[in-house]
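Lettering of chains follows the sequences in order, A, B, ..., and the numbering in each one begins at 1.
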Amino acid sequence: MARILITSAIPYINGIKHLGNLVGSQLPADLFARYNRARGHEVMFICATDEHGTPAELAAAKAGKPVAAYCAEMHDVQAEIARGFRLSFDHFGRSSSQRNHLLTQHFAGKLAEAGLIREVEESQIYSIDDHRFLPDRYIEGTCPNCGYESARGDQCDNCTKQLDPTDLINPHSTISGSTNLEVRKTKHLYLRQRSLRDKLEAWIDSKKDWPILTTSIAKKWLNDGDGLQDRGITRDLHWGIPVKKGDQIWPGMEGKVFYVWFDAPIEYIACTAEWADAQGLPDAAWQRWWRTDMGAQDVSYYQFMGKDNVPFHTLSFPATILGSGEPWKLVDYLKSFNYLNYDGGQFSTSRGRGVFMDQALSILPSDYWRWWLLSHAPESADSEFTWENFQVSVNKDLADVLGNLVSRVTKFCVAKFGSEVPSAGEFGEQEARLIEDLGTRIKDYAACMETMEVRKASAELRAIWVIGNEYLQAAAPWTVVKTDPERAQAMIRLSLNLIRVYAILSAPFIPDAAAAMMAAMGTEDWTWPDDVAAAMTALPAGHAFRVPENLFRKITDEERADWQQRFAGIRT
RNA sequence: GGCGAGGUAGCUCAGUUGGUUAGAGCACACGACUCAUAAUCGUGGGGUCGAGAGUUCAAGUCUCUCUCUCGCCA
């Protein structure tokens with residue numbers, strides 16, 4: 001039994017994520033977690049909400065709520081939706097937790113001890129009316145070059161010239177519109193990533209089996225231009241983790257907080273501590289996942305994320321870990337995803353384009369979405385969601401191939417032999433061939449799951465469903481029953497056992513349907529079918545089963561047209 | 001403008017270190033079957049692998065040029 005640590009990129013707090021966000025991290029991570037649990041491994045699957053930073057403050061202000069209350073509320077909303085999608089986190093934590101405060105401050109202290117922090121005094125625009133420093137993107141004004149009136153603090157979108165906020169004519173805050181701005185000196189901490197560059201590169205180079213997408217992004221940041229840059233890790237905000245050196249005050253940094261991208265990945269660790277706290281377990285329980293000096297030396301750590309998160313996970317976070325000089329677990333395999341596009345364009349949170357997680361669940365159960373998203377995961381390139389494709393995939397794969405198979409077997413048995421596994425007859429050559437074929441395919445499927453080849457795994461699973469139909473079609477028990485009922489009984493006995501095996505194999509993709517299949521077969525035996533022949537006799541003669549409700553319904557043309565129109569425009 | 005990723009059957013996509021007639025699913029056509037959610041199974045048609053040139057005994061797979069799409073950055 002292996003020990004497997006899995007983290008999904010943590011979603012930002014200010015709103016509900018769309019399907020593109022889901023398929024890029026949480027969902028494939030869940031697939032992998034469920035598969036590894038099914039194989040009997042010890043799994044720790046962690047996710048959380050990423051709660052700090054200016055966007056959270058602004059979203060809270062817009063909602064008319066204190067930011068802490070807003071985040072608590074939105075965390076619950078996201079947690080509920082995650083449950084709706086059956087995301088099987090061992091813990092869904094919060095980057096604003098006390099655990100993360102302490103751990104983030106701890107890391108900062110260790111980095112300072114190692115001489116990897118430098119203090120920099122810089123000038124920034126302060127909005128007197130907003131009572132805050134304004135990041136570049138929150139300042140607009142007239143471009144001194146082209147006269148464009150909505151130039152941002154860092155660059156003019158019209159003439160594309162790079163700007164300094166102080167260059168702008170009539171600068172104003174995009175938060176309040178206030179022009180009551182001034183330049184103030186402020187001091188910030190920078191992490192000396194440059195001095196860790198070679199160490200990071202050596203570490204990246206040691207990861208021969210990582211996807212090209214992952215290593216190429218990391219290499220680009222390491223080598224592009226002047227190479228890896230030192231990075232500011234503090235901000236002049238109120239909402240965040242107060243800057244401290246371990247548990248000590250950091251002179252000159254009073255009232256400042258750590259930058260959200262500094263504390264967010266540390267939450268992976270802190271979240272595991274939150275899990276231990278919630279379980280009433282001692283620190284050793286989470287440390288054995290994260291500290292190689294406290295039992296984590298045999299842990300395999302997998303991260304899942306969209307490609308936009310790769311630089312932070314290949315460089316920034318490892319810089320924090322390596323720089324601390326402490327024996328924390330580094331990621332072993334990083335699985336990154338491209339983007340999912342929506343019907344000819346991009347999903348857009350700001351424009352409300354596409355399907356958001358809550359909307360998806362309001363029109364169809366999670367299994368439908370899980371199946372489509374995972375079987376079309378943007379692994380090697382960006383991929384595209386269209387309603388036609390969704391409708392066809394769901395109707396064909398889930399309703400026709402799998403759902404109907406369960407129907408035809410169970411209903412035929414009840415009609416001809418009753419609602420217990422029939423006892424007569426022996427397995428013959430056809431059954432032996434099926435068992436052999438199934439054994440091969442299950443191995444192929446498992447291999448894809450282990451290497452996290454999500455689309456391939458879904459294709460293998462579908463092929464496994466198909467051979468059930470092929471077998472039935474060739475065996476034709478509905479014909480055989482007329483001349484040799486005992487032989488037909490053997491066929492159906494096998495087919496009922498096949499349903500149980502399919503439930504086990506399918507559970508990582510479609511957990512609800514799998515549970516329904518298992519319940520219909522009247523068993524709780526989820527043992528992975530390493531021995532297919534044995535698995536085909538797991539439900540013994542005389543074992544009671546029942547006909548389940550249809551596992552999947554079909555999406556009609558009218559529904560498809562309706563949804564296509566409904567989700568094309570603006571989310572209100 | 002720079003960098004990166006891509007342009008493979010009507011659609012969504014696979015195609016390992018270059019090597020026999022380029023694959024899958026869906027869609028389409030025909031056939032089989034009738035247990036089942038008008039479901040299933042089989043057979044078949046369909047691609048000059050974005051364009052052009054080059055390297056090679058051999059290129060979707062390497063090199064160059066061009067073109068289109070999409071990102072990121074300045």
Taking the side chain of A/Val401 as its heavy atoms from C-beta onward, which of B/U12, B/U40, B/U37 lies nearest to it? B/U40
Aromatic ring centroids of A/Trp465 and A/Trp371 under 6.0 Å? yes
Have a look at A/Leu551 and say if it touches a base, only the backbone sugar-phosphate, or nothing, with a 4.0 Å heavy-atom cut-off. base
Can you tell me the base-pairing partner of B/C11? Count Watson-Crick or G-U wobble geometry only, both distances below 3.5 Å, and say none if there is no partner. B/G25
With the side chain counted from C-beta on, respond yes when A/Phe509 and A/Asp367 share a heavy-atom pair under 4.5 Å apart, and no when they do not. no
Go through it in stages, so that I can follow the logic: the residues are A/Tyr35 and A/Glu450, the test is side-chain contact (heavy atoms from CB on, under 4.5 Å), and I'd like the CA-CA distance, side-chain angles, deciding distance and then a yes or no. CA-CA 8 Å; A/Tyr35 170 74; A/Glu450 266 145 40; 2.6 Å; yes
Separation of atom CG in A/Leu434 from atom P in B/C41, rounded to whole Å: 14 Å
Any side-chain N or O of A/Lys456 under 4.0 Å from OP1/OP2 of B/A24? no
Centroid distance below 5.5 Å plus an interplanar angle below 30 degrees: do A/Trp478 and B/C35 meet both conditions? yes
Is A/Lys396 close enough to B/A39 that one of its side-chain N or O atoms is under 4.0 Å from OP1 or OP2 there? no
Give me the distance, rounded to whole Å, that separates B/C64 from B/C3 when you measure between the P atoms they each carry. 13 Å
Under 3.5 Å, is there any donor-acceptor pair linking the side chain of A/Asp400 to the base of B/A39? no
Between B/U37, B/U40, B/U34, which nucleotide has the shortest distance from any of its atoms to the side chain of A/Gln473? B/U40
Taking atom CD of A/Glu486 as the centre, report whether more than 12 heavy atoms of other residues, nucleotides or ligands fall under 6.0 Å from it. no
Quick one: label A/Val466 by what it contacts on the DNA or RNA (base, sugar-phosphate, nothing), any heavy atom closer than 4.0 Å. sugar-phosphate
Just call it for A/Asn550: base, sugar-phosphate, or nothing, with non-hydrogen atoms closer than 4.0 Å on any strand. base
Report the base-pairing partner of B/U69 (Watson-Crick or G-U wobble, both distances below 3.5 angstrom), or none. B/A5
With A/Lys335 as the cation and A/Tyr333 as the aromatic partner, state whether NZ or CZ is under 6.0 Å from the six-membered ring centre and within 45° of the axis. no
Taking the C1' atom in each of B/C26 and B/C33, what is the distance between them to the nearest angstrom? 22 Å
Which part of the nucleic acid, if any, lies within reach of A/Arg462 when heavy atoms closer than 4.0 Å are counted: base, sugar-phosphate only, or nothing? sugar-phosphate
